[in-house]
Amino acid sequence: MRIGVDIDGVLFPWDFVARRAVRLHHGEDACSPEPSTHWNGLKDELTKKQWRWVWGEGRDAIFGSLACYPDAVWAVSDLIRMGHEVHFVTHRDPATTLHHTAAFLRYHFSGPWAGVHSVRTDTPKETLADWDVFIDDKPETVLRFLELERAKVFAPRRTWNRSELDGVHDLVYYDDAHDIVEWVEENT
């Protein structure tokens with residue numbers, strides 16, 4: 001199977017790492033330590049200057065982290081070991097974060113994986129390939145994939161996507177990433 005795996009929010013705990021970096025750099029009052037409750041939660045808490053710091057000077061502190069969701073890394077490693085065509089697909093800016101993305105993937109995955117697609121946000125992930133399975137946490141991306149009905153779609157249950165994804169038909173909204181491995185095993 002051709003499997004697309006988002007990085008931030010699926011493998012990498014971006015919200016947690018970004019909040020920690022902001023609080024260390026700008027002070028504990030800059031934002032709550034609690035996870036976002038909607039997609040733009042952190043952005044909504046920060047000043048414009050602090051948000052620019054996240055995507056400018058703070059980028060290395062955030063994207064240089066090797067933190068991960070262990071269950072997701074193990075599940076994707078299982079899919080790679082099973083011989084599936086696993087592609088990492090991210091809307092991280094390729095001009096400024098690709099070296100961090102490569103370091104993260106090398107650290108967590110021995111490979112071989114089929115590809116790394118680091119594209120700007122105006123490139124829809126569903127246009128990059130004919131996916132059999134796609135895993136993403138962003139409600140907008142998940143809902144677009146479901147509309148197309150071309151891939152089995154999985155989304156991790158996160159505080160920032162619950163209001164939009166809880167109860168969505170045909171979505172595997174999981175708490176344990178091994179649900180993906182079980183589905184793939186049963187359907188190959």
Side-chain angles (χ1 to χ4, degrees), residues 4-77 87-109 116-125 128 134-145 154-166 168 171 173-177:
V5 181
D6 176 44
I7 296 173
D8 299 325
V10 173
L11 300 173
F12 176 69
W14 186 89
D15 189 74
F16 172 80
V17 173
R19 285 176 179 281
R20 184 179 60 196
V22 166
R23 289 168 56 86
L24 285 171
H25 184 74
H26 294 285
E28 294 198 11
D29 292 341
C31 66
S32 167
E34 298 302 316
S36 294
T37 58
H38 61 283
W39 186 255
N40 286 318
L42 179 58
K43 180 180 181 182
D44 292 347
E45 288 182 51
L46 300 179
T47 66
K48 287 181 182 180
K49 181 179 178 182
Q50 291 166 334
W51 187 243
R52 280 193 305 275
W53 178 88
V54 166
W55 296 103
E57 186 183 322
R59 186 175 42 237
D60 290 339
I62 295 167
F63 291 105
S65 170
L66 297 174
C68 71
Y69 293 108
D71 67 321
V73 169
W74 294 329
V76 171
S77 294
H87 296 255
F88 298 100
V89 184
T90 183
H91 276 146
R92 292 178 172 192
D93 185 339
T96 59
T97 62
L98 195 55
H99 60 292
H100 292 305
T101 303
F104 177 86
L105 294 175
R106 276 194 312 270
Y107 183 80
H108 290 291
F109 301 100
V116 178
H117 309 266
S118 184
V119 296
R120 296 188 185 275
T121 57
D122 59 350
T123 301
K125 293 176 182 178
L128 297 173
F134 205 86
I135 308 157
D136 206 303
D137 66 307
K138 185 175 185 180
E140 178 183 342
T141 301
V142 168
L143 296 173
R144 270 199 319 262
F145 266 99
F154 293 83
R157 192 177 312 275
R158 305 286 189 235
T159 56
W160 55 84
N161 66 17
R162 281 192 181 136
S163 65
E164 294 177 80
L165 296 182
D166 200 25
V168 171
L171 169 65
Y173 195 41
Y174 64 85
D175 291 306
D176 182 347

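Along the sequence shown, residues are numbered consecutively beginning with 1.
Residues D15 and P35 come closest through the heavy atom pair OD2-CA, 3.3 Å. The minimum heavy-atom distance linking A75 with A177 is given by the pair CB-O, 3.5 Å. The two atoms that bring A103 and L66 nearest to each other are O-CD2, 4.1 Å, heavy atoms only. Across V73 and L11, no two heavy atoms sit closer than the pair N-CD2, 4.1 Å. Summarising the geometry of A61 relative to A21, their closest heavy-atom pair is CB-CB, 4.5 Å, with the distance given to 0.1 Å. The two residues S65 and F12 have their closest heavy-atom pair at O-CE1, 3.5 Å.
Between R120 and D93 the shortest side-chain heavy-atom distance falls below 4.5 Å. The side-chain heavy atoms of V168 and V142, taken from C-beta on, include no pair separated by under 4.5 Å. No side-chain heavy atom of D6 sits under 4.5 Å from any side-chain heavy atom of T141. Residues W160 and D137 form a side-chain contact, since some pair of their non-hydrogen atoms from C-beta on lies under 4.5 Å apart. Here the side chains of D44 and H38 are in contact, with some heavy-atom distance below 4.5 Å. Counting only heavy atoms from C-beta outward, the side chains of Y174 and I135 approach each other to under 4.5 Å. Using a 4.5 Å heavy-atom cutoff, the side chains of P33 and R19 are not in contact. Looking at L42 and Q50, their side chains never come closer than 4.5 Å, going by heavy atoms from C-beta outward.
Counting non-hydrogen atoms of neighbouring residues, nucleotides and ligands closer than 6.0 angstrom, the CG atom of N40 exceeds 12 such neighbours. Within 6.0 Å of CH2 on W74 lie no more than 12 heavy atoms contributed by other residues, nucleotides or ligands.
Listed by chain and residue number, V89, H117, V119, T123, W131 satisfy the side-chain contact (heavy atoms from CB on, under 4.5 Å) test with L128 (two or more places apart in sequence, or in another chain).
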TODO: Kindly indicate, with the supporting measurements, whether the criterion side-chain contact (heavy atoms from CB on, under 4.5 Å) is fulfilled by R59 and T96.
DONE: CA-CA 8 Å; R59 186 175 42 237; T96 59; 3.4 Å; yes
- [ ] Could you walk me through whether R162 and Y173 pass side-chain contact (heavy atoms from CB on, under 4.5 Å), step by step?
- [x] CA-CA 9 Å; R162 281 192 181 136; Y173 195 41; 3.3 Å; yes
- [ ] List the steps and the verdict of salt bridge (Lys or Arg N to Asp or Glu O under 4.0 Å) for D136 and K125.
- [x] CA-CA 10 Å; D136 206 303; K125 293 176 182 178; 2.7 Å; yes
Task: CA sep, side-chain torsions, deciding dist, call: R20, F16, side-chain contact (heavy atoms from CB on, under 4.5 Å) - done: CA-CA 6 Å; R20 184 179 60 196; F16 172 80; 3.6 Å; yes
- [ ] For side-chain contact (heavy atoms from CB on, under 4.5 Å), just list the numbers for V10 and F154, CA-CA rounded to whole Å, side-chain angles, deciding distance to a tenth of an Å, and then say yes or no.
- [x] CA-CA 10 Å; V10 173; F154 293 83; over 6 Å; no
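The backbone N or O of S77 lies less than 3.5 Å from no partner atom in the side chain of H108, so there is not a single donor-acceptor pair. When atom types are taken as modelled, the side chain of D176 and the backbone of D71 share no donor-acceptor pair closer than 3.5 angstrom. Put simply, the side chain of S118 never gets that close to the backbone of T90: no donor and acceptor are under 3.5 Å apart.
Among T101, T97, T121, the single residue meeting the side chain to side chain donor-acceptor pair (under 3.5 Å) criterion with R92 is T101.
Taken to the nearest 0.5 Å, the CG atom of D175 stands 9.0 Å off from the CZ atom of R158. The line from CD1 of I62 to CH2 of W53 is 5.0 Å long, rounded to the nearest 0.5 Å. Taken to the nearest 0.5 Å, the CG atom of D8 stands 11.0 Å off from the NE2 atom of H91. With rounding to the nearest 0.5 angstrom, the NZ atom of K138 is 12.5 Å from the CZ atom of F145.
Taking the six-membered ring where the residue is Trp, the centroids of W14 and Y69 are separated by 6.0 Å or more.
Between D166 and R157 there is a salt bridge, since a side-chain N of the basic residue sits under 4.0 Å from a carboxylate O of the acidic one.
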